[in-house]
Amino acid sequence: MTLHFTRVETPVHELEIWMACSGGFSFVISNESRTGPGLHGKPGLVASWRPVEENKSAIKLGGSPFSTFAEAEKACEALLETLEQMSASQTPTIASPPQ
């Protein structure tokens, strides 16, 4: 499934944050730099995720920070596919009664 990231409007125009949700998971990509306005950290695009329905902190994706938005987006999509496969394999199935 393809994630559709949209830029988050914030009171601080210099913040560059994009968000997408799918399959019960929320993904965020943020642009960070060591100095200047916005989020501070290792320069690049940091991707993170968390389950939507659970009150948990976000988890940074391995490989962050990424050099390009496309790399960060691809990493989020790959993780979403893995999470959906894991969810599907953990869903209990109801056995049919013997006939």
Side-chain angles (χ1 to χ4, degrees):
M1 171 170 277
T2 301
L3 290 167
H4 299 285
F5 283 89
T6 56
R7 182 136 183 215
V8 176
E9 294 295 324
T10 67
V12 180
H13 182 68
E14 291 85 7
L15 288 178
E16 294 182 17
I17 301 172
W18 298 267
M19 188 180 104
C21 292
S22 181
F25 301 99
S26 172
F27 293 86
V28 172
I29 298 173
S30 59
N31 194 7
E32 298 187 4
S33 66
R34 293 202 192 283
T35 60
L39 301 173
H40 293 168
K42 189 173 177 183
L45 294 155
V46 175
S48 60
W49 72 280
R50 71 177 197 86
V52 173
E53 297 296 324
E54 297 177 30
N55 188 17
K56 293 186 176 183
S57 299
I59 301 167
K60 185 167 72 168
L61 269 69
S64 288
F66 297 95
S67 299
T68 67
F69 187 87
E71 290 174 334
E73 186 176 34
K74 185 176 178 180
C76 290
E77 289 176 352
L79 180 60
L80 175 60
E81 185 176 327
T82 300
L83 292 168
E84 287 178 335
Q85 289 173 356
M86 289 172 57
S87 293
S89 69
Q90 293 176 0
T91 302
T93 56
I94 299 172
S96 303
Q99 300 202 6

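By the criterion of side-chain heavy atoms lying less than 4.5 angstrom apart, applied directly or through intervening Ile, Leu, Val, Met, Phe, Trp or Tyr residues, I17 is not grouped with V52; the two fall into different hydrophobic clusters. Hydrophobic clustering (ILVMFWY, side-chain heavy atoms < 4.5 Å, transitive): F5 and V46 are in distinct clusters.
For the atom pair L45 CG and F69 CZ, the distance stands at 7.5 Å (nearest 0.5 Å). Expressed to the nearest 0.5 Å, how far OG1 of T68 lies from NZ of K74 amounts to 10.0 Å. In this structure, the separation between CD on E53 and OG on S26 is 11.0 Å, given to the nearest 0.5 Å.
Taking each heavy atom of F66 and A47 in turn, the nearest pair found is CE1-CB, 4.0 Å. Of all heavy-atom pairs spanning A58 and R50, the tightest one is CA-CB, 4.0 Å.
The side-chain contact (heavy atoms from CB on, under 4.5 Å) test with S22 is passed by exactly one of E77, H4, E84: E84. Of the candidates L3, V28, I29, V28 is the only one forming a side-chain contact (heavy atoms from CB on, under 4.5 Å) with M19.
Inter-residue side-chain proximity for F27 and L79 is flagged as met; some heavy-atom pair is nearer than 4.5 Å. Side-chain contact check for R7 versus E16: some heavy-atom pair is nearer than 4.5 Å.
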